[in-house]
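Note: hydrogens, waters and symmetry copies are ignored here, and every other heavy atom, side chains too, is used. Note that this is a predicted model, so its numbers are computed, not measured. One-based numbering along the sequence shown.
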Amino acid sequence: MPQVPQTLDALAVRTWCGLALEALGRAREEIDAINVYPVADGDTGTNLYLTVESAAAAVEAVFAGYETVAATSEARAGHDAASAGTGRPSLADAVRAMAHGALIGARGNSGTILAQLLRGMAQVLAADSETAHADGQGLRLALRQAADSARQAVAHPVEGTVLTVASAAADAVTGAEGDCGTVARAAYEGARAALAATPGQLAVLERAGVVDAGGRGLVAVLAALVETFTGEAPGALVSPVLDHARVVAAVSEVVDAHPEVCVDGPGADGGPAFEVIYLLEAEDAAVARLRDRLDVLGDSLVVVGGDGLWNVHVHVDDAGAAVEAGVEAGRPYRIRITHFGLGDVHTAGAAGRPPRERAQRAIVAVVPGEGLAGLYMEAGATTVLARPGEPPASGELVEAVRRAHAREVVLLPNDADLRHTAAAAAEQARAEGVRVALIPTRSAVQGIAALAVHEPERRFDEDVVAMTSAAGATRYAEVAVAERQSWTMAGICQAGDVLGLIDGDVAVIGSNITGTAETVLDRMLAAGGEMVTLVLGDEAPDAIAAHLESRVRESYLAVDTVVYRGGRQGALLLIGVE
């Protein structure tokens, strides 16, 4: 048996996230198939997978950061291992990253609740000193806090759901004595028993002959926790033998008998028509008012998070009003609105409606700011918003490809660091029967150039070649402010210095934003160019665009300039030269 951790530490958290992601990957289709509550849209398994994928990616990023710092320290200390440190984050670092990653990546009702479960655990495991919470007792407390905080986050808790399963897991470990493996196994067994009982608590589950999908996902996550501490995976759950016709009939029967129960999507007769999810930067008092407002507007309300960042999930008929409520409370972003209806796996056949026809071709692009997202969408692209420091996971890109609903998809990652993520997403989409071409754009300005020559009427291969050529012919740069001292290709920069990066490498270190941008632009145009694209971030100086346009007009004949507003895109300025 491989060596396994006996206490909770950062490595155990990392292992748990990886095993949970694998477990949900194996169970995803099964969980999707039994998803009939609160909305029979067949995506609970996928949503849980995406949520854990985001959590795992955040933990990996923390490990990578510590390893980089340790390597740098070792190099500066002349390879003195004692000076370099361990290169490993603390338990508090890891669980906070896990909770934050789940919060920003939470999808759907169950994914949002799972994010709060992980946040509740982090509140215990990251409190005070690490050693006080790294044993079986700490894990017991963490599971209790997880269940209680998740229940508090749901406006109207319903028994027979993932909340019931989480509470049962916490109850089961109350008297458990022993190490983390013993506690984890007790939690798993308690959750498994509660899951088996869910059909007796929710009529729609009993009629469909299934257990709760969210609860099934949580049992998979707890099984991964057992494996983390024991090295052995618990016995596989016996999956229900699904009768699709029975599932459809059960959903229809409950909708007809109880229209107030949100088990199906479209319109007033079957519950709210839209699912609205967004991240929200807001103060606690504003969020309390938001909860009251959204509770009146719709149902399935879950608001999770804290410390100024929240994930809001609600089912409503008026999606605009739900977003407007978020604007009044703070700053909503990563807004996702899903219409329940033709895409619902359990309803299309029952209602006798034909599935929506696939488009022939679509563009899916990752964009760094709301302003660029609007620009790309005007050009017909399906967008995935990447907040600074929070790159999208491969599952988000796959979901965007599905949302585009096309036979052929051109994928624009617009970030060199996303090449592996985008490649994984493309492979997954191809496995689902979509023809995908990945154009390795490394900046949003290269994506703009590719979009400018896109012609849907052309043959797919010809269109991809033209877009690839346009992107490759576009040099890209960005102007940003250094957050810390570091070594660069242009020398050592200090925190607060203005950096000009050309094709991904620091080429200019300056003290003035406009001056640095002008130097970068001059270096790029020295090699020639016909078109300059400027994308301004929210924090860029107001006069910088006019100054650079004037510079191009006076010094470079026959070179045109176009300016866009990018919003909160991370960099102060993006520059493209074609």
Hey, are [X] and [Y] close enough for a salt bridge, meaning a charged N less than 4.0 Å from a carboxylate O?
X    : Y    : answer
R14  : D9   : no
R402 : E399 : no
R216 : E30  : yes
R28  : D32  : yes
R144 : D148 : yes
R151 : E159 : yes

Polar side-chain atom of [X] near backbone of [Y] as donor-acceptor pair, under 3.5 Å:
X    : Y    : value
Y278 : A322 : yes
W310 : V303 : no
R293 : A325 : no
N35  : A213 : no
H156 : D299 : no
S54  : G101 : yes
R403 : T383 : yes
S167 : T164 : no
R289 : A329 : no
R96  : A126 : yes

Report yes if the side chains of [X] and [Y] come closer than 4.5 Å at any heavy-atom pair, otherwise no.
X    : Y    : value
Y49  : L21  : yes
L163 : V158 : no
V173 : L139 : no
L48  : V52  : no

Practice task
Determine whether more than 12 heavy atoms belonging to other residues, nucleotides or ligands lie under 6.0 Å from atom CD of E483.
Solution key: no
Considering all heavy atoms, the nearest [X]-[Y] contact:
X    : Y    : value
A146 : M121 : CB-CG, 3.6 Å
A191 : L222 : CB-CD1, 3.6 Å
G217 : L24  : O-CD2, 3.8 Å
P413 : A422 : CB-CB, 3.9 Å
A187 : A169 : O-CB, 3.6 Å

Are [X] and [Y] linked by a side-chain donor-acceptor pair shorter than 3.5 Å?
X    : Y    : value
T44  : N47  : no
Q116 : R119 : no
N109 : H315 : no
E53  : S394 : yes
D179 : T182 : yes

Problem - side chain to side chain contact (heavy atoms under 4.5 Å, CB included) assessment of D295 paired with D292 - result: CA-CA 5 Å; D295 197 22; D292 293 339; 5.7 Å; no
Please report the interatomic distance [atom1]([X]) to [atom2]([Y]), rounded to the nearest 0.5 Å.
X    : Y    : atom1 : atom2 : answer
E232 : E227 : CD    : CD    : 9.0 Å
N311 : L280 : CG    : CG    : 9.5 Å
Y37  : L205 : OH    : CG    : 9.0 Å
L118 : W16  : CG    : CH2   : 5.5 Å
Y188 : L195 : OH    : CG    : 9.5 Å
T161 : I113 : OG1   : CD1   : 6.0 Å

Problem - Residue among L290, V323, I277, I335 satisfying side-chain contact (heavy atoms from CB on, under 4.5 Å) with V312 - result: L290
Handout entry: Derivation of the side chain to side chain contact (heavy atoms under 4.5 Å, CB included) call for E396 and R107
Key = CA-CA 10 Å; E396 291 183 78; R107 298 303 181 96; 2.9 Å; yes
